[in-house]
Structures are given as structure tokens and as C-alpha cells.
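Have a look at the structure below before the remarks.
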Amino acid sequence: MVVDLRSDTVTKPSPQMLEAMAAADVGDDVYAEDPTVNALESHVAELFGHEAALFTPTGSMANQIALQTLVRPGEEVLCDIDAHIANYELGAAAAFGGISCRTWQAQAGRLVADQVEPLLNLPGFHAVPTKAIAVENTHNRGGGTVQPLDQIAKLRSMAEAHDIALHCDGARIWNAHVATGVSLAEYGRYFDTMAVCLSKGLGAPIGSLVISTVDRIEHARAIRKRLGGGMRQVGLLAAAGRYAIDHHLAGLRADHDRALRIAEQLEPFGICSADQVQTNIVVLRHPEIAKLAAQAGEKGVRISVLGTRWGRLLTHRDIDDAGVDRAVGVLTELLR
Ligand SMILES: *Cc1c(COP(=O)(O)O)cnc(C)c1O
């Protein structure tokens, strides 16, 4: 048995999830006639205290659609230097939206609102107008960092004062919610648009949503079609997503506990710090991370290499306590 800690996207649907998918009532979602999709969209919008939502195949598409509703070609979005939208979407904002990204430095991805204000470009005839600011919560490259609510609130009032929109890349907002007890609706109230993933820790095979107002979601629906993301009897997948929200959300706590346990056991080898683990991601620092990952892989433990000297591991619902012990056993043996 391989212990795959490369990402929380590697989970497979359980028999119960497959049953929910098989039982789904479906229709053509391009006509907005798939009852299972429509129900999922209303449910998720309501969870985050917003008016409407739109189902998308991926989180990247959800982010890009949201950005395109807020920022026109030739305008910009601000985000931190490690943000997914600036690093891991293959330049989609520029390629498809004509949107430029300008970034600020952040420690472990953590938002400090005062760092952002000096970057704002206000309307004029020289500068690229800042139309949106994106906040990633939890922060992926930062190592599962939870964004402090007071900083989000501060950023909100600052953005509002300048009529700049806030977008949340909430691929793992569920993990932030479970880690802090802050409600999804409380997170939702600071943002004009959100993108949330069902296919990360929640364990659905596919699916994300854009969340916003009715008007913006209508616009989002047109952009989704333009990008080729209009899907037909996709209630099959929405059913998996709904099952994941209803049955897997609370289980994220166990993922967080397991990530911490792994970090505590690896910390003595200087490869990670347990006190930086807030959710399900452990950042690994090692001068020969690629070699370590290859050797661990040969012994059936898979971790991610992200740079020449760093990588990460993630816990998820297909990793149990035995998997944790296996991973720690293999990695400590190699590090010793
Ligand atoms: C995974 C992820 C996404 C979306 O990724 P897809 O693979 O396109 O679904 C977006 N933002 C963050 C922070 C992510 O971790």
C-alpha cells in the first residue's frame, strides 16, 4: 500500500459517495436544469452567506471566473507572492483575462493588511488600476496557514474605502473553518467573490464553486461557458460534492491532528516545525529534498517536491493512523 501524501486531491470516492452519485437526479446544466447542481449551488451560497454560486470543474477555473467578473483586461489584481493564482494557474489571469497580478511579500502566506495599502493604484491615466485583492485561505504554499480574521476585516474596510473588490481563494477555506471554529458565513461576509474546492480535503472527485451576488454569478455563468466549462448532466458530480460537504467536513479535524503528529515526529530531524502546522499541510525543508522524496517513494511513501530545497506533505481522508506511522517510519529512517 502506497501512502500518498503529495496532496489532499488524491482521495478516491468511497462506495457511499458513489451511491450518492448514482442516485443523483440530473438535467442539462447549461440550461441550468440540473436539480442536483442547482441545489448544491444554493446550499453552498447559503453556507457562506452569499446570494448565489456556480459549479465549476476546477478551482483554477473558479478563481479565474471570479477574477474576470471583478477585473477587466488591462486592470490588475493584487495578491501575495506565493498565491495560487499567481503561481499555479499557468498565467491564466493574463492569458485569458488580460489581468495583471502584482504581489506583496508574505511570511508563510500570512496576510498583514497594512502591507497591502501602499500598493493600491488608484484610477488615473498612468497606473494599472487595482480592481481586486485576492486572499488565499488557507494558504497553500504558505503551508496551510489560516488567515487572521482581524487582518481580513482590516483589509475589507481598506478595500471598501477605495472601491476595490476582495476575492477569497478559499480552495481550503473548509480547513480554516474547522481549525478556528469561525463560521463559513463569517468568512464569507468579507468577500465580494469566493472560490471554494470540493476536491481537496473534502474528498469529492471533481468540483469547485464561485460564490457571489446573483448579478455577478450571472456574469460568471457566461464566462464559464466561454472558457468551455459549461457541463451537461453534471449533477453526478454535484452529488459527490454535496455528499462530501455533508459527510466529510468534520473529518478535516482528524487530518489536522495527523499532520501535527507527523510534524512533531519529524521535527527533531530539522526538516519541519510543528508549531507552523495549523491545518493539513506540513512544509518540509531539506537540502536534498528531491533525493529524499525519491528514496521515500521507493519505500511507498510519496511527498511533494516544490523547490530545490523544499517540499511538503499533506494529510487527507485516505490517510489513517497506520499510514501516518508508515510515513513517519520511512522518513525518520531516511533522515537518521
Ligand atoms: C488546489 C487549489 C486551487 C485550485 O486547483 P485546481 O487543481 O484547479 O482545482 C486553487 N487555489 C488553491 C490555494 C489551491 O490549493
Side-chain angles (χ1 to χ4, degrees), residues 4-11 13 44 48 53-68 77-93 95-97 99 101 103 106 108-111 132-147 152 166-179 187 191 193-211 220 223-224 227-229 231 234 237-238 240-241 244-245 252 255-256 259 278-283 304 306 311-317:
D4 195 344
L5 300 167
R6 289 172 303 164
S7 177
D8 48 6
T9 56
V10 300
T11 58
V44 171
F48 287 90
L54 185 75
F55 190 62
T56 63
T58 66
S60 298
M61 193 188 282
N63 274 334
Q64 294 305 323
I65 289 172
L67 291 181
Q68 285 192 33
V77 58
L78 300 179
C79 60
D80 76 274
I81 198 164
D82 288 314
H84 195 280
I85 60 170
N87 287 273
Y88 293 137
E89 299 181 10
L90 292 162
F96 301 129
I99 298 168
C101 292
T103 58
R110 194 171 293 103
L111 174 68
I133 304 168
V135 175
E136 190 170 313
N137 195 14
T138 65
H139 200 289
N140 181 345
R141 238 164 108 100
T145 313
V146 176
Q147 302 297 0
I152 297 175
L166 279 200
H167 170 67
C168 176
D169 179 356
R172 294 191 182 81
I173 191 83
W174 318 97
N175 296 80
H177 157 65
V178 165
Y187 280 126
F191 294 97
T193 55
M194 306 182 82
V196 302
C197 285
L198 306 171
S199 57
K200 298 279 167 83
L202 285 183
I206 295 175
S208 289
L209 295 105
V210 186
I211 304 167
I223 298 169
R224 183 184 67 178
L227 292 174
M231 299 179 287
V234 73
L237 297 173
I245 295 170
L252 296 177
D255 297 346
H256 299 177
Q278 297 185 12
T279 52
N280 68 326
I281 304 181
V282 181
V283 172
S304 273
L306 293 174
R312 65 169 196 186
L313 62 80
L314 279 83
T315 51
H316 51 75
R317 50 180 303 97

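Atoms within each ligand, like the ligands themselves, are counted from 1 in listed order. FYI, side chains are in, hydrogens and waters are out, and symmetry mates aren't considered; it's all heavy atoms of this structure.
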Exercise. Between atom CD1 of I206 and atom OG1 of T9, what is the distance when rounded to the nearest 0.5 Å?
Worked result: 12.0 Å
Exercise. Can you tell me which residue and heavy atom of the protein come closest to atom 11 (N) of ligand 1, and the distance to 0.1 Å?
Worked result: D169 OD2, 2.7 Å
Problem set entry | Geometric N/O contact N140 with ligand 1, under 3.5 angstrom | yes
For this session: Go through ligand 1 atom by atom and flag the ones less than 4.0 Å from a non-hydrogen atom of N63.
Result: 10 (C), 11 (N)
For this session: For the pair E136 (side chain) and G170 (backbone), establish whether a donor and an acceptor sit closer than 3.5 Å, ignoring hydrogens and angles.
Result: no
Seminar exercise, completed: In ligand 1, the atoms that come under 4.0 Å of a heavy atom of T58 are 8 (O), 9 (O)
Exercise. Within the side chain of T145, is there an N or O that forms a donor-acceptor pair under 3.5 Å with the backbone of A108?
Worked result: yes
Exercise. Is E136 close to ligand 1, meaning an N/O of one under 3.5 Å from an N/O of the other?
Worked result: no
Exercise. Does the side chain of N63 pick up a donor-acceptor pair with the side chain of H167 at under 3.5 Å?
Worked result: yes
Exercise. Below 4.0 Å from any atom of ligand 1, is there a heavy atom belonging to H139?
Worked result: no
Exercise. Does any N/O atom on A171 come nearer than 3.5 Å to any N/O atom on ligand 1?
Worked result: no
Exercise. So which protein heavy atom does atom 1 (C) of ligand 1 come closest to, and at what separation?
Worked result: K200 NZ, 1.2 Å
Exercise. Measuring to protein heavy atoms, does anything land under 4.0 Å from atom 9 (O) of ligand 1?
Worked result: yes
For this session: Report yes or no: do H256 and T279 form a side-chain donor-acceptor pair below 3.5 Å?
Result: no
Exercise. Hey, is ligand 1 close enough to E89 that some N/O pair sits below 3.5 Å?
Worked result: no
Exercise. Taking the side chain from N137 and the backbone from Q147, do they hold a donor-acceptor pair closer than 3.5 Å?
Worked result: yes
For this session: Of the side chain and backbone of M61, name the one, both, or neither that has a heavy atom under 4.0 Å from an atom of ligand 1.
Result: neither
Problem set entry | Any N or O of S60 closer than 3.5 Å to N or O of ligand 1 | yes
For this session: Could you tell me whether a side-chain N or O of N280 sits under 3.5 Å from a main-chain N or O of D255, the two making a donor and an acceptor?
Result: no
Exercise. Do R317 and D8 pass the salt bridge (charged side-chain N to carboxylate O under 4.0 Å, His left out) test, and can you show the C-alpha distance, the side-chain angles, and the key distance before you say yes or no?
Worked result: CA-CA 8 Å; R317 50 180 303 97; D8 48 6; over 6 Å; no
